[in-house]
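Read the structure below first, then the notes.
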Amino acid sequence: MPELPEVEVTRLSFANRIAGARIASVCMGKPLRWPLQCDPRSLENQSVLAVRRRGKYLLLDLSDGVLLIHLGMSGSLTFGPQPGVPGPHDHFDMQTSHGTLRLNDPRRFGAVVFARNESDPVARKLLGKLGMEPLGPDFDVKQFHNGLKRRKAAIKQVLLAGDVVVGVGNIYASEALFSAGIRPTKPACQLSALRAARLHHAILEVLSRAVAAGGSTLRDFSDAHGDAGHFQIQAMVYGRAGQPCKVCGTPIHAIRQGQRSSFFCPGCQKP
DNA sequence: AAAAGCCCCTGGATGC
DNA sequence: TGCATCCAGGGGCTTT
């Protein structure tokens with residue numbers, strides 16, 4: 001479910017409300033991808049100072065440490081008063097003076113990890129190799145192109161790897177490549193400066209539009225209020241195998257790259 | 001160093 | 001209706 005826009009929309013939906021809250025108790029459900037790395041009771045009486053984001057990770061700054069939250073494939077966060085007893089897929093429940101933060105994650109690819117700070121080895125292992133923030137000031141065209149030049153792998157897989165630029169998941173990778181007119185199979189290192197610049201622009205544009213629209217709602221995303229987005233971002237290629245391209249009418253192709261599906265228009269996207 | 005595969009897990013859709 | 005198979009928005013780890 002969650003690519004960068006969904007994570008950012010989730011963050012925006014509760015960051016201000018949870019800021020300043022005191023943690024009363026933390027209740028864990030089934031094991032997530034990684035252990036919490038601390039006794040849940042050691043979080044009690046700490047305050048939540050702020051909620052930041054790095055790639056697809058949410059960072060909850062506490063008075064004495066930081067919680068790294070990842071939503072994996074199927075995770076979603078809710079924050080509000082009196083959520084009732086945790087369900088079978090609620091695996092992290094944090095009661096605070098401002099409400100309860102709850103992680104629901106059926107597949108349990110998500111995680112909540114405590115670290116002393118961001119230089120803690122625990123945090124560095126998860127955040128250390130992340131690439132540029134596409135919506136941040138450091139997303140530089142030249143640096144982006146340089147990053148791609150070092151990689152012989154297909155551009156789609158380089159985008160997904162997240163070590164050049166973070167936050168571009170399987171849906172937005174296909175959409176951004178369509179927008180830039182580039183085949184997902186194109187070796188990253190073969191992109192000219194012009195085409196790299198087009199892709200840079202497409203990533204920025206696609207992701208920021210999705211954030212503005214309140215999360216992709218390409219499927220069934222809901223934010224921490226539990227509200228589904230009111231808007232609908234139309235996919236140009238993702239999930240549209242066999243259907244006519246909305247620009248040129250050519251049937252959309254679906255291929256597999258690294259065990260993930262990719263979609264592209266053979267007419268609009270040049271090899 | 002980089003690339004390719006594997007795997008974690010559950011649930012929904014599809015096919016026989 | 002029941003059961004098997006395939007697929008899903010991520011990404012760390014191991015092996016080439």
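Only heavy atoms go into these numbers, but all of them, side chains included; no hydrogens, no water, no symmetry mates. Just so it is clear: chains get the letters A, B, ... in the order the sequence lines come, proteins before strands, and each one is counted from 1. Keep in mind it's a predicted model, so treat the numbers as computed, not measured.
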How would you list, by chain and number, every residue that makes a side-chain hydrogen bond (donor to acceptor under 3.5 Å, both in side chains) with R183(A), sequence neighbours excluded? none
With a cut-off of less than 4.0 Å, is there a side-chain N or O of S74(A) near OP1 or OP2 of dG11(B)? no
Is R108(A) close enough to dG11(B) that one of its side-chain N or O atoms is under 4.0 Å from OP1 or OP2 there? no
Near-strand residues of residues 109-134 of chain A, defined as heavy-atom separation under 4.0 angstrom from DNA chain C: F109(A), K125(A)
Is the base of dC9(B) touched by the side chain of R107(A) through a donor-acceptor pair closer than 3.5 angstrom? yes
Return no unless some side-chain N or O of H70(A) is found under 4.0 Å from OP1 or OP2 of dG11(C). yes
Pairs satisfying side chain to side chain donor-acceptor pair (under 3.5 Å), at least one member in residues 108-119 of chain A, at least two apart: R52(A)-E118(A), N117(A)-S119(A)
Under a 3.5 Å cutoff on both atom distances, Watson-Crick or G-U, what's the dot-bracket for DNA chain B ([ ] crossing, | other strand)? .|||||||.|||||||
May I ask you to say what G169(A) touches in the nucleic acid, namely base, sugar-phosphate or nothing, with a heavy-atom cut-off under 4.0 Å? sugar-phosphate
Are S174(A) and dG9(C) close enough that a side-chain N or O sits under 4.0 Å from OP1 or OP2? no
Which value, in whole Å, describes the distance between the P atoms of nucleotides dC7(C) and dG5(B)? 16 Å
Between residues 139-162 of chain A and DNA chain B, which residues have a heavy-atom gap below 4.0 Å? R151(A), K152(A), A153(A)
Set of residues satisfying salt bridge (Lys or Arg N to Asp or Glu O under 4.0 Å) with respect to R151(A), sequence neighbours excluded: D163(A)
